[in-house]
Amino acid sequence: MVTLNDNYIANYYGIDLSLLEDYLFASAEDVIYADMIVLMKVKEESSAQTMKDSLDTMVTQKKLELENYLPEQFQIVEKSEVVVTGSYVYLVISEKAEEIQGVIAPYFN
């Protein structure tokens, strides 16, 4: 996994970083893997839905990229879900998504 830089996050995913208090975007280094972890804390809870919508769009784009080329990776993305808990928005795309969410979810409650 590699941490994505601010320019990439803003330009490729269209995320308005000024709405975030803190964030982490990590993606598989090799493009043949769909794995990604996004953790965001919005400055104002009212922005959480906007961030969720942006991540939902990102997931849709990732599905379109993988559907016909890497069906196994597509299935991993297909099972992913953007979660909103108060001021936190997160997304885990991984074969071990449930296990990873089990580790991070308690920190967002």
Side-chain angles (χ1 to χ4, degrees):
M1 301 285 278
V2 295
T3 302
L4 304 178
N5 69 43
D6 291 355
N7 286 334
Y8 190 86
I9 296 166
N11 294 325
Y12 190 74
Y13 295 124
I15 302 290
D16 183 353
L17 298 175
S18 70
L19 299 176
L20 303 178
E21 183 176 316
D22 203 5
Y23 55 92
L24 169 73
F25 281 68
S27 181
E29 189 170 15
D30 194 336
V31 296
I32 64 166
Y33 298 106
D35 297 59
M36 174 172 269
I37 297 175
V38 178
L39 309 170
M40 299 186 290
K41 181 177 184 183
V42 293
K43 290 178 182 175
E44 297 180 21
E45 205 169 307
S46 60
S47 300
Q49 186 61 45
T50 300
M51 292 298 106
K52 180 187 184 311
D53 293 345
S54 294
L55 292 182
D56 283 337
T57 299
M58 185 184 80
V59 168
T60 300
Q61 289 173 335
K62 199 167 223 16
K63 286 179 190 177
L64 291 172
E65 291 170 6
L66 297 171
E67 186 172 19
N68 295 317
Y69 301 105
L70 297 165
E72 290 176 9
Q73 295 301 305
F74 170 81
Q75 291 300 321
I76 294 169
V77 178
E78 183 74 13
K79 295 176 185 176
S80 67
E81 177 185 5
V82 179
V83 178
V84 177
T85 303
S87 295
Y88 296 95
V89 182
Y90 64 93
L91 167 67
V92 177
I93 300 174
S94 172
E95 284 183 297
K96 298 180 180 185
E98 286 183 32
E99 185 179 327
I100 295 167
Q101 286 178 341
V103 171
I104 64 175
Y107 293 98
F108 300 128
N109 292 325

Problem set entry | Point-to-point distance, once rounded to the nearest 0.5 Å, from CE of Met40 to CG of Asp22 | 11.5 Å
Problem set entry | Linked, directly or transitively: Met51 and Val83 (ILVMFWY side chains, under 4.5 Å) | no
Exercise. For the side chain of Asn5 and the backbone of Tyr8, is there at least one donor-acceptor N/O pair under 3.5 Å apart?
Worked result: yes
For this session: Determine the interplanar angle of the Tyr13 and Phe25 rings, folded into 0 to 90°, and report it as parallel if under 30°, tilted if 30 to 60°, perpendicular if over 60°.
Result: parallel
Exercise. Got a sec: does the NZ of Lys96 have more than 12 other heavy atoms crowding it under 6.0 Å?
Worked result: no
Seminar exercise, completed: Exactly one candidate in Tyr107, Tyr88, Tyr23, Phe108 meets side chain to side chain contact (heavy atoms under 4.5 Å, CB included) with Leu39; the answer is Phe108
Exercise. Linking I/L/V/M/F/W/Y whenever any side-chain heavy atoms sit under 4.5 Å apart, do Ile104 and Leu55 land together?
Worked result: no
Problem set entry | Candidate pair Leu19 and Val42, rule side-chain contact (heavy atoms from CB on, under 4.5 Å), full reasoning | CA-CA 6 Å; Leu19 299 176; Val42 293; 5.5 Å; no
Problem set entry | Exam field: side chain Lys43 to backbone Ser18, donor-acceptor pair closer than 3.5 Å | yes
Exercise. When hydrophobic residues are tied together by side-chain contacts of less than 4.5 Å, even through go-betweens, does Leu17 share a cluster with Val82?
Worked result: yes
Exercise. Hey, what do you get for OG1 (Thr85) to CD (Glu45), rounding to the nearest 0.5 Å?
Worked result: 10.0 Å
Exercise. Stepwise, does the side-chain contact (heavy atoms from CB on, under 4.5 Å) test hold for Glu72 with Ile76?
Worked result: CA-CA 7 Å; Glu72 290 176 9; Ile76 294 169; 5.9 Å; no
Problem set entry | Intermediate values then yes/no, side-chain contact (heavy atoms from CB on, under 4.5 Å), Lys62 and Val59 | CA-CA 5 Å; Lys62 199 167 223 16; Val59 168; 5.6 Å; no
Seminar exercise, completed: When every non-hydrogen atom of Ala26 is compared with those of Met1, the smallest separation belongs to O-CE, 3.5 Å
For this session: Would you name the heavy atoms of Ile9 and Leu4 that are closest together and state the gap between them?
Result: CD1-O, 3.6 Å
For this session: Show the numbers, then the answer: is there a side-chain contact (heavy atoms from CB on, under 4.5 Å) between Met58 and Val38?
Result: CA-CA 11 Å; Met58 185 184 80; Val38 178; 4.1 Å; yes
Exercise. Where the side chain of Ser54 meets the backbone of Thr50, is there a donor-acceptor pair that is under 3.5 Å apart?
Worked result: yes
Seminar exercise, completed: Rounded to the nearest 0.5 Å, the CG atom of Leu20 sits from the OG atom of Ser87 at a distance of 11.0 Å
Exercise. Once you round to the nearest 0.5 Å, how far does CD of Gln73 lie from CD of Glu67?
Worked result: 14.0 Å
Exercise. About how many Å separate OG of Ser94 and NZ of Lys79, when rounded to the nearest 0.5 Å?
Worked result: 11.0 Å
Exercise. Honestly curious: do Val89 and Ile15 fall in one hydrophobic cluster under the side-chain, below-4.5 Å linking rule?
Worked result: yes
Problem set entry | Contact summary for Ala34 and Leu66, nearest pair of heavy atoms | CB-CD1, 3.7 Å
Exercise. Of all residues at least two apart in sequence or in a different chain, which pass the side chain to side chain contact (heavy atoms under 4.5 Å, CB included) check with Gln49?
Worked result: Lys52, Asp53
Exercise. For the residue pair Glu95 and Asp35, what are the closest heavy atoms and their distance?
Worked result: N-OD2, 4.5 Å
Exercise. Can you hop from Val31 to Leu70 via hydrophobic side chains spaced under 4.5 Å?
Worked result: no
Exercise. Roughly how far, to the nearest 0.5 Å, is the CG atom of Asn68 from the CZ atom of Phe74?
Worked result: 9.0 Å
For this session: Kindly give the heavy-atom pair with the smallest separation between Glu65 and Tyr12, and that separation in Å.
Result: OE2-OH, 3.0 Å
Seminar exercise, completed: Residues Glu81 and Gln101: closest non-hydrogen pair is O-NE2, 4.2 Å
